[in-house]
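Notes follow once the structure below has been shown.
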Amino acid sequence: MPSRSCANLLDLAAGDLLDIPHTPGALPRVMTVPGVISDLDGYGSNDEDSEVSSSLRERKIIVANMLPLHAKRDTENAKWCFSLDEDSILLQLKDGFSSEIEVIYVGSLKVEVDASEQEEVAEKLLTDFNCVPTFLPHELQKRFYLGFCKQQLWPLFHYMLPVCPDHGDRFDRLLWRAYVSANKIFADKVMEIINPEDDYVWVHDYHLMVLPTFLRKQCNRVKLGFFLHSPFPSSEIYRTLPVRNEILRGLLNSDLIGFHTFDYARHFLSCCSRMLGLDYESKRGHIGVDYSGRTIFIKILPVGVHMGQLESVLNLSATSAKVKEIQEAFNGRKLILGVDDMDIFKGISLKLLAVEQLLQQHQDLQEKIVLVQIVNPARGFGKDVQEAKNETYSIAQRINDVYGSQNYQPVILIDRPVPRFEKSAYYAVAECCIVNAVRDGMNLVPYKYIVCRQGTPKLDVAVGRKTDSPKTSMLVVSEFIGCSPSLSGAIRVNPWDIDAVADALNLAITMCDSEKQLRHEKHYRYVSSHDVAYWARSFMQDLERACQDHYSKRCWGIGLGLGFRVFFSFSGL
Ligand SMILES: O=P(O)(O)OC[C@H]1O[C@H](O[C@H]2O[C@H](CO)[C@@H](O)[C@H](O)[C@H]2O)[C@H](O)[C@@H](O)[C@@H]1O
């Protein structure tokens, strides 16, 4: 594909995101892809009950901002080396699909590849990893990701309004244009590889919310699902966004839109109603909304963890060794664990303030508890992130100065990339895990903690535990995070209420084992049965159903006469 200059990309006007008429009579011809039917006359010719079928192998095209890859240069020959990012949900979701299905990824690399190397790298990534890279020009990438995504959408979707005009967080149309341009590049990349007759496209997260508009424009029959991993804020917050309609319409150009929680879906619905004037109705567990002659389905489906992967890490001898090492180092002290990205919405300093309060109010706990806070590297680089980091360090220092001693440090900050085996070992040892985020789309830390506390027979043997000994865990979780509704045995807290969080921590660490066991077992049953494969399979099944409805002859007929509806379905909770 010929590369475009950055200037051209940034010139692309946001006005390009006009709504697309979807009444079948107004459908544009589908882009011609070799071997693919290129207009709708031929497409709708199945009889009423038959499914859309083709001899070509079905593929799922997963589109996300970042490919599930690590990249680095070989120190000897300076060539790029790539490896799979096993932690990526995008990679893990494959387990939800039949092995017959080919999964292709479209997204950016975390590194910048020089234009002269891009062709070679693209070939290698396709051959070795089924990945198709979108090489965004440097300036565009910066404005798109660090600018519009991280400085504008991320705060707003986590309920932070740009209140101070001098803070530099006002809506910036230049950044919006970059967002639109970047989304278009992703859509163009998908168009280069898609076989619309057979392939399903699944777009992920807030970075790519207008991509469906571009895809739908180029290929009206594209089978397209979207999942939002971040929260969808209340309409009172969302409606402050100057480009609110463009983004809503972008999402509505999918066939199915997924959210982690009922609230996010409800907020989205209310935005559609208030801002676009769309009606919706509830019928047999589904809610339907008409939108410009299209059918959209909405699914509430919290994501899960990869059980097999977590268990295999627990089975590593490095993990057992680390567990023993941590147990020895803590020497009977109760470990409270926090694992968070360094981000202003994770509530790390509120958590530290609660621990400080706990130690102040319960002198008996001094020398007996330790908060280990693992801090994953920041993903955005705003001034606010640096401020949050400084505050975290300063509160931790204060607590350690006041309550620590020569052999005791009540707060341990681990601020470096922590390998999976080490994290799993901390999860396995921790008496209590606390997630105190003031907003988070889902947050899988509690689920990982539960699985690691359950452990594996191999880990039990390695650390000298009876394999049939009762398993316990204790969670303190913020009520503002997506996983909270699924954790009915957790102590739910308002992270802003420091007294309440301190009390919750006290309750968690003093609770009797039988109660902790009951809560743990309940959580484990849920987490192990609603894993990432369940999530992906369930989303894809609904997407297939949605597309069958949309693109079968019968439905086109209904669409012509009556217009289409949006349906909501609920599962996983
Ligand atoms: O920081 P970004 O590159 O913009 O990516 C955003 C975050 O993506 C991932 O978290 C999101 O998805 C998780 C799984 O659904 C969910 O638990 C979380 O609430 C979402 O924000 C990633 O895990 C984060 O590190 C990124 O910051």
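Read the numbers this way: they start at 1 and go in the same order the structure lists the ligands and their atoms. All values reported here derive from a predicted model rather than from experimental measurement.
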Review point. Parallel, tilted or perpendicular for Phe345 and His158, by the 30°/60° rule?
Key: parallel
Point to revise | Geometric cation-pi criterion Lys60 and Phe97, 6.0 Å radius, 45° cone | key: yes
Check your understanding: Name the residues with a heavy atom less than 4.0 Å from ligand 1?
Key -> Ile89, Tyr145, Lys150, Trp154, Tyr206, His207, His229, His260, Val303, Asp341, Arg379, Asp440, Gly441, Met442, Asn443
**Study point:** Sequence-distant partners of Asp85, salt bridge (charged side-chain N to carboxylate O under 4.0 Å, His left out), two or more places apart
**Key:** Lys110
Check your understanding: Distance only, no hydrogens: is a donor on one side chain within 3.5 Å (strictly under) of an acceptor on the other, for Thr472 and Arg453?
Key -> yes
Check your understanding: In chain order, what residues pass the salt bridge (charged side-chain N to carboxylate O under 4.0 Å, His left out) check against Lys72, with sequence neighbours excluded?
Key -> none
Practice item. Not counting sequence neighbours, list each pair that qualifies as a side chain to side chain donor-acceptor pair (under 3.5 Å) and has a residue in residues 427-437. Key: Glu431-Lys516
